[in-house]
Amino acid sequence: MVFLSPEEQLQILKSGVVDLVTEEELLERLKEGRPLNVKLGVDPSRPDLHLGHMVVLRKLRQFQDLGHHVILIIGDFTGMIGDPSGRNETRPMLSEEEIKENARTYAEQAFKVLDPEKTELRYNSEWLGKMTFADVIKLAAKYTVARMLERDDFEKRFKAGIPIAISEFLYPLAQAMDSVAISADVELGGTDQLFNLLVGRKIMEEHGLPRQIVMTMPIIEGTDGKMKMSKSYGNYIAFNDPPNEMFGKLMSIPDSLIIKYMRLLTDIPKEEIDSYEKNMADGNINPRDVKLRLAHWITEFFWGKEAADGAQEEFLRVFSRKELPSEMEEIELSGPENIVDLLVKIGAASSRSEAKRMIFQGAVKLDGLKVNDIKFTVEPDGEKVLRVGKRKFYKLLPGSNA
RNA sequence: GGUGGGGUGCCCGAGUGGCCAAAGGGGGCGGACUGUAAAUCCGCUGGCAGAAUGCCUUCGGAGGUUCAAAUCCUCCCCCCACCA
């Protein structure tokens with residue numbers, strides 16, 4: 001634990017932050033000289049943390065390093081009801097065991113960034129589950145529809161004619177009750193959470209508590225560089241992605257995102273990043289090399305130096321020098337096999353039509369030679385390398401159990 | 001409860017009897033190129049079969065009309081707006 005003055009702490013804590021409501025209040029709170037309760041709400045479903053989460057978690061870690069107390073609220077109560085937002089299908093209700101398991105997995109991943117010693121896990125069913133219907137109505141009375149519609153996405157949906165369930169109006173209120181229950185001093189979230197976090201201030205006030213300080217972090221775009229990183233957009237880089245995949249995904253981000261990722265996700269010194277930014281703009285440095293630095297840093301953070309070195313070497317080998325990867329999935333051939341059948345069987349194509357399409361497009365190579373006949377037969381005579389597209393490699397072996 | 005408008009492929013969205021497996025965009029995939037799985041350009045993108053203008057399944061659900069339906073009719077389910 002580092003002892004810094006409130007002013008010094010404030011300087012550190014407000015860096016990289018988008019919204020801070022309010023800076024004065026945070027300073028006041030820091031001056032109280034006690035560990036602050038810093039809250040983050042966590043969705044109890046599908047715990048697959050990605051770099052988007054990392055931005056907020058890193059800020060929490062900063063609080064911890066300054067001696068403050070982090071509380072992760074597992075939204076098991078809301079999870080059991082099933083959050084209707086963005087619903088296309090009704091989400092299955094999660095059982096208690098599933099939620100516990102999800103919370104465990106979440107924590108396991110989050111602790112790659114957070115200090116477990118200074119992190120507390122709480123389940124919001126503990127207090128929300130005790131509320132009666134009358135309590136809920138009283139709570140709901142404290143907020144108006146007009147104010148709810150201030151929330152950007154509600155307003156957009158409302159205007160666009162996309163349904164909003166009443167329960168969705170209740171969610172920000174439930175989240176606010178979490179802040180009341182743990183007497184949060186600070187609540188963090190992505191910028192998209194600003195509204196919910198502010199509702200927390202109002203509801204805390206209604207309960208005679210000091211208003212929580214609200215801090216939001218930037219949302220980062222995913223690997224496509226367009227939409228925010230999200231599992232549902234499939235443009236995410238997960239904490240659990242194996243080194244080669246993590247490295248490769250980082251190398252696939254658009255150049256325009258490199259600096260933003262560096263600033264938000266790494267501890268690379270500011271001066272160094274500034275110089276990369278300038279030199280890329282001036283054309284003095286190849287963006288690829290800066291991206292390599294970024295990919296290496298993040299891969300090392302999650303997997304260690306050795307794995308990061310390996311991933312980088314592998315990347316350069318396969319994509320820069322166009323050599324074969326060091327490890328390939330091995331497929332045993334039990335006999336002669338038609339190329340189309342084979343592609344479908346090993347999962348390189350999802351249908352026979354797709355397999356044929358890829359062959360017609362010249363995506364299929366056997367030992368470096370294009371296969372352009374869908375009637376081609378692969379003979380099980382010796383080791384061969386089958387390549388499908390740029391990224392799929394298979395080592396074909398004569399079957400031993402033919 | 002009333003009136004009006006809607007439900008289309010992974011997503012958004014056009015299409016109101018045949019030329020529709022269904023415009024366009026996004027996403028995805030492939031190719032070329034490169035500095036990288038960036039950018040850019042080109043192509044593909046329901047399944048089966050392939051020389052192919054061939055066959056099968058798809059436009060909320062179930063029936064029906066017709067030589068022929070995403071398009072017309074009936075009933076049902078769901079969504080939205082306005083009025084109450």
Side-chain angles (χ1 to χ4, degrees), chain A residues 84-90 149 154-166 168 221-237 241-262 276-277 279-296 298-299 311-325 338-341 343-344 347-365 368-376 386-393:
Chain A
S85 58
R87 73 218 148 107
N88 286 321
E89 70 246 40
T90 312
L149 285 175
F154 279 155
E155 196 193 348
K156 276 190 193 137
R157 282 165 63 187
F158 190 69
K159 284 189 173 156
I162 300 165
I164 302 170
I166 299 292
E168 291 184 75
E221 290 85 357
T223 51
D224 57 4
K226 287 174 196 147
M227 291 186 289
K228 73 168 186 180
M229 186 176 286
S230 155
K231 193 173 180 183
S232 44
Y233 296 144
N235 61 358
Y236 68 110
I237 302 173
D241 279 339
N244 286 353
E245 200 178 330
M246 179 177 275
F247 197 98
K249 281 187 184 176
L250 283 162
M251 289 306 288
S252 82
I253 64 170
D255 291 352
S256 55
L257 235 47
I258 300 174
I259 294 298
K260 184 170 186 181
Y261 271 38
M262 273 197 172
Y276 287 142
E277 186 170 32
N279 284 312
M280 276 199 290
D282 296 347
N284 294 331
I285 188 170
N286 185 336
R288 189 203 67 154
D289 296 329
V290 182
K291 218 194 282 191
L292 282 172
R293 169 92 166 103
L294 170 72
H296 190 277
I298 292 178
T299 307
Q312 176 158 338
E313 174 50 34
E314 186 75 2
F315 183 86
L316 292 174
R317 185 214 311 272
V318 178
F319 296 109
S320 297
R321 302 200 297 270
K322 316 251 184 248
E323 293 166 18
L324 294 174
N338 171 265
I339 185 68
V340 174
D341 294 331
L343 289 175
V344 173
S350 61
S351 69
R352 296 177 59 77
S353 293
E354 186 177 274
K356 290 175 195 167
R357 208 178 290 138
M358 286 201 281
I359 292 167
F360 289 137
Q361 292 183 140
V364 179
K365 285 183 189 167
L369 294 173
K370 268 185 196 169
V371 174
N372 44 29
D373 180 4
I374 60 173
K375 295 223 170 101
F376 185 85
L386 176 67
R387 178 173 185 175
V388 184
K390 281 179 214 166
R391 292 161 56 187
K392 291 182 194 144
F393 293 86

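Just so it is clear: chains get the letters A, B, ... in the order the sequence lines come, proteins before strands, and each one is counted from 1.
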Review point. How is A:P254 classified with respect to the nucleic acid when contacts are heavy atoms under 4.0 Å: base, sugar-phosphate, or nothing?
Key: sugar-phosphate

**Study point:** Closest to the A:K291 side chain, choosing from B:A38, B:G50, B:A37
**Key:** B:A38

Review point. Contact class for A:I258 (heavy atom, under 4.0 Å): base, sugar-phosphate, or nothing?
Key: nothing

**Study point:** Nucleotide opposite B:C67 in a Watson-Crick or G-U pair, distances under 3.5 Å
**Key:** B:G18

Exercise for review: Provide the distance between the two C1' atoms, one in B:A22 and one in B:U57, to the nearest whole Å.
Suggested key: 14 Å

**Study point:** Nucleotide-resolved protein contact map, nucleotides 20-33 of chain B, B/S/- at heavy-atom distance under 4.0 Å
**Key:** -------S--SS--

Check your understanding: What pairs with A:N338 under side chain to side chain donor-acceptor pair (under 3.5 Å), at least two apart in sequence or on another chain?
Key -> none

Point to revise | Nucleotide of B:C48, B:G35, B:G50 approaching A:R288 most closely (side-chain heavy atoms) | key: B:G35

Review point. For B:C48, does either OP1 or OP2 sit under 4.0 Å from a side-chain N or O belonging to A:S353?
Key: yes

Exercise for review: Tell me, please, which residues at least two apart from A:R288 pass salt bridge (charged side-chain N to carboxylate O under 4.0 Å, His left out).
Suggested key: none

Practice item. Quote, to the nearest angstrom, the C1' distance that separates B:C20 from B:A68. Key: 13 Å

Study note, to complete from the structure: From CG of A:L257 across to C1' of B:A37 the rounded distance in Å is 15 Å

Mind listing the side-chain donor-acceptor pairs of residues 251-258 of chain A below 3.5 Å, one per line with the distance, residues two or more places apart or on another chain?
from, atom 1, to, atom 2, distance (Å)
A:S252, OG, A:K249, O, 2.9
A:D255, OD1, A:K291, NZ, 3.4

**Study point:** Results of ring-ring contact (aromatic ring centres under 6.0 Å, His included) for A:F315 - residues two or more places apart only
**Key:** A:F247, A:F319

**Study point:** B:A52 pairs with, by Watson-Crick or G-U criteria that keep both distances under 3.5 Å
**Key:** none

Review point. Listed by chain and number, what are the salt bridge (charged side-chain N to carboxylate O under 4.0 Å, His left out) partners of A:K260, not counting sequence neighbours?
Key: A:E221

Point to revise | Side-chain N or O of A:S351 closer than 4.0 Å to phosphate OP1/OP2 of B:C48 | key: yes

